Undergrad: 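Input: one structure, supplied below.
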Amino acid sequence: MSPAGSPSPAPVPWGRCWWALCHGVTSLLLLGPYLVVVLLVVLGAALTPLLLTGLPLLLAGRALAGAAGRLERLRLASLLGHRVEAPDRRPLTLRRVVPDGLGDVVVWRTSAHLLLVCTLGALAGGVLVALVSAGLALALAPLVLDRVLGTTGARAHLPFGLPGTVPLPDPVVVAGGLLLALAAVLLAPLLVAPGAAAGRALLRPPRTSQRALRQRVEKLTATRERTVDSVEAERRRIERDLHDGPQQRLVAVALQLGMARRALERDPQADVSGFLQAAQGNAREAITDMRSVARGIVPPVLTDRGLDAALSGLAAAAPLPVTVEVRLETRPVPAAEAIAYFCVSEALTNVAKHARASSARVRVWREGTQLRVRVSDDGVGGARSGGGSGLTGLADRLGAVDGWLRVDSPPGGPTEVDAGLPGFPEVTRER
């Protein structure tokens with residue numbers, strides 16, 4: 001029995017063992033073709049600088065390496081369940097055929113993987129084939145001997161029939177053969193694991209590839225443009241709300257106080273309580289309008305007391321029961337705190353407006369260097385982050401700081417909004 005509180009080891013799935021065995025056997029079968037591809041690439045690269053004599057070999061090796069890389073990604077996905085993204089390869093041009101052919105990182109990484117398949121993969125496949133063959137041979141030995149010799153009983157000896165060894169009865173021989181074949185099947189995932197790990201590392205796109213950089217630049221450019229647009233729209237909203245609300249109230253307060261001052265200058269005994277009462281009422285209205293305008297601006301409680309207190313205030317003001325759970329040993333950076341606060345505020349606003357939920361839950365925790373936020377409800381579902389919704393603005397705000405937003409809201413509910421953003425400078429080491 002496992003100790004209390006520790007999970008029991010999960011059994012190895014049979015399907016995974018059989019597919020791993022197939023992967024090892026196919027690695028052994030591909031030994032010859034892959035050696036040819038690696039030799040073409042290496043010889044072509046070595047001979048190309050000598051008056052371009054190796055250029056045909058290099059081009060052939062490059063084409064075959066691309067096909068072998070596709071086959072290896074297919075083997076990893078179909079037999080072991082590891083999906084590897086294909087790298088982006090530019091077509092060769094006549095003017096840059098030599099530098100692009102010699103400096104193609106994808107071809108060299110693929111060739112390195114093929115070389116590993118020819119060594120580690122072939123070794124693992126050879127061991128598996130030997131074990132399975134020996135096991136089947138032992139299991140079928142009594143039957144074959146009966147057909148050939150026409151005898152029964154204890155004919156097999158260990159080891160290998162040498163003088164002075166122990167004869168074994170047929171049932172023991174059959175059982176030993178079956179156990180040996182079963183051991184080969186069970187060992188298959190362990191034997192092919194190093195080659196699979198190398199394949200995932202070498203066959204994926206290089207981290208410095210042009211496509212990855214281009215996609216990241218395009219994403220950041222689009223996110224920046226949407227963020228700038230949203231900030232400008234927010235600035236115009238605040239300006240309009242200040243002009244239409246608090247500014248008009250304060251103008252009325254100034255006029256009423258001016259009228260009261262002039263009335264007192266004409267007659268020190270004049271009753272100006274009406275002017276003062278009106279000014280006081282307008283001042284109250286101006287305060288209310290200012291609070292309405294300031295909605296969406298970081299509250300002082302967030303700066304002073306952190307996310308736990310600020311989110312508790314949001315939950316208390318929500319029109320439905322909201323449970324808040326914040327597990328942070330240290331405070332994140334201020335920018336991350338503010339964005340997390342706005343994420344929860346927008347998500348709770350959507351819950352109140354659209355979800356028809358009876359309750360909601362907010363969870364905030366640290367995951368490495370990321371600040372994670374999750375808002376869930378038991379509503380009707382159907383929320384989407386596109387179409388100009390508030391969730392789209394949140395995704396843009398998170399994307400501007402290299403964060404992400406994921407919405408899981410099937411029809412009928414429940415809805416779960418997950419967000420993550422860089423919030424901590426480094427991972428604290430556990431003592």
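No experiment lies behind these values; they were computed from the predicted model shown.
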Undergrad: Give a yes or no on whether a salt bridge exists between E265 and R262, defined as a side-chain N under 4.0 angstrom from a carboxylate O.
TA: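 Looking at R262 together with E265, the answer is no, because their closest N to O distance does not fall below 4.0 Å.
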Undergrad: Not counting sequence neighbours, list each pair that qualifies as a side chain to side chain donor-acceptor pair (under 3.5 Å) and has a residue in residues 315-326.
TA: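 Sorted pair list: E325-R327, E325-R361.
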Undergrad: To the nearest 0.5 Å, what is the distance between CG (L302) and CG (L311)?
TA: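 Nearest 0.5 Å value for the CG-CG distance: 8.0 Å.
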Undergrad: Under a 4.5 Å cut-off applied to non-hydrogen side-chain atoms, are E416 and D418 in contact?
TA: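 With C-beta onward as the side chain, the pair touches.
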Undergrad: For L71 and L30, run side-chain contact (heavy atoms from CB on, under 4.5 Å): C-alpha distance rounded to whole Å, both residues' side-chain angles, the deciding distance at 0.1 Å, then the answer.
TA: CA-CA 11 Å; L71 177 60; L30 292 170; 4.2 Å; yes
Undergrad: In Å, rounded to the nearest 0.5 Å, how long is the span from CG of L57 to CG of L64?
TA: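 Atom-to-atom, L57:CG and L64:CG are 11.0 Å apart.
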Undergrad: D378 side chain to S358 main-chain N or O, any donor-acceptor pair under 3.5 Å?
TA: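 Here the side-chain-to-backbone pair exists.
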Undergrad: To the nearest 0.5 Å, tell me how far L186 CG sits from W18 CH2.
TA: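 These two atoms lie 9.5 Å from each other.
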Undergrad: Taking all heavy atoms of V324 and all of A315, pick out the closest pair and write down the distance.
TA: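 Between these two residues, the closest heavy atoms are CG2-CB, 3.6 Å.
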Undergrad: In residues 77-84, what donor-acceptor pairs under 3.5 Å come from side-chain atoms, sequence neighbours left out?
TA:
residue	atom	partner	partner atom	Å
S78	OG	L74	O	2.7
H82	NE2	R200	NH1	3.2

Undergrad: Check whether any side-chain N or O of R366 sits under 3.5 Å from a backbone N or O of L328 as a donor-acceptor pair, and report yes or no.
TA: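 Pair absent, no side-chain N/O of R366 close to backbone of L328.
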Undergrad: What are the two closest heavy atoms between L307 and P332, and how far apart are they?
TA: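 Scanning both residues completely, I find the closest heavy atoms to be CD1-CG, 4.4 Å.
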Undergrad: Tell me the closest heavy-atom pair linking F424 and G368, and the distance in Å.
TA: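 In terms of heavy atoms, the two residues are closest at CD1-O, 4.3 Å.
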Undergrad: For the residue pair S27 and R75, confirm or rule out a side-chain donor-acceptor distance under 3.5 Å.
TA: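 A pair is found: one side chain offers a donor N or O, the other an acceptor, under 3.5 Å apart.
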Undergrad: After noting the C-alpha distance and the side-chain angles of L116 and L202, does the key distance pass the side-chain contact (heavy atoms from CB on, under 4.5 Å) rule?
TA: CA-CA 10 Å; L116 286 176; L202 292 173; 3.9 Å; yes
Undergrad: Which distance, rounded to the nearest 0.5 Å, do you find between the OH of Y34 and the OG1 of T119?
TA: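 One gets 13.0 Å once the value is rounded to the nearest 0.5 Å.
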Undergrad: Check the pair R204, R109 against side-chain contact (heavy atoms from CB on, under 4.5 Å), reporting the backbone distance first and the verdict last.
TA: CA-CA 9 Å; R204 67 185 180 187; R109 288 164 63 97; 4.1 Å; yes
Undergrad: Considering only heavy atoms from C-beta outward, does the side chain of V344 approach that of V373 to under 4.5 Å?
TA: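 Yes - at least one pair of side-chain heavy atoms lies under 4.5 Å apart.
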Undergrad: Do the non-hydrogen side-chain atoms of V25 and V132 ever get within less than 4.5 Å of each other?
TA: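 No, their side chains stay 4.5 Å or more apart.
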Undergrad: Mind checking side-chain contact (heavy atoms from CB on, under 4.5 Å) for L31 and listing every partner two or more places apart, or none if nothing turns up?
TA: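 In terms of side-chain contact (heavy atoms from CB on, under 4.5 Å), with neighbours along the sequence ignored, L31 is linked to L35, C118, A122.
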Undergrad: Would you name the heavy atoms of A184 and L131 that are closest together and state the gap between them?
TA: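 Distance-wise, the nearest heavy atoms are CB-CB, 3.5 Å.
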Undergrad: Taking all non-hydrogen atoms of both residues, which atom of V107 and which atom of R62 are closest, and how far apart?
TA: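 Closest approach of V107 to R62: CG2-CG, 3.6 Å.
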Undergrad: Report the distance from atom CZ of R356 to atom CG of D377, rounding to the nearest 0.5 Å.
TA: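 These two atoms lie 11.5 Å from each other.
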Undergrad: Keeping the roles fixed (side chain from S409, backbone from G382), state whether a donor-acceptor pair exists under 3.5 Å.
TA: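 Pair found, side chain donor or acceptor close to backbone of G382.
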Undergrad: Could you state the interatomic distance from NE2 (H23) to CG (L21), rounded to the nearest 0.5 Å?
TA: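 H23 atom NE2 to L21 atom CG measures 11.5 Å (nearest 0.5 Å).
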Undergrad: For side-chain contact (heavy atoms from CB on, under 4.5 Å), just list the numbers for L58 and L43, CA-CA rounded to whole Å, side-chain angles, deciding distance to a tenth of an Å, and then say yes or no.
TA: CA-CA 7 Å; L58 179 62; L43 288 177; over 6 Å; no
Undergrad: Report yes or no: does S345 contribute a side-chain atom to a donor-acceptor pair with the main-chain N or O of Y341 at less than 3.5 Å?
TA: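 Side chain of S345 to backbone of Y341: no pair is present.
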Undergrad: At their closest point, which heavy atom of V38 faces which heavy atom of S111, and how far apart are they?
TA: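 Taking V38 first and S111 second, the nearest heavy atoms are CG2-O, 3.8 Å.
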Undergrad: Run the salt bridge (Lys or Arg N to Asp or Glu O under 4.0 Å) test on E337 and R331 for me, step by step, so that the C-alpha distance in whole Å, both residues' side-chain angles and the decisive distance to 0.1 Å come before the verdict.
TA: CA-CA 8 Å; E337 274 191 335; R331 289 186 63 172; 2.7 Å; yes
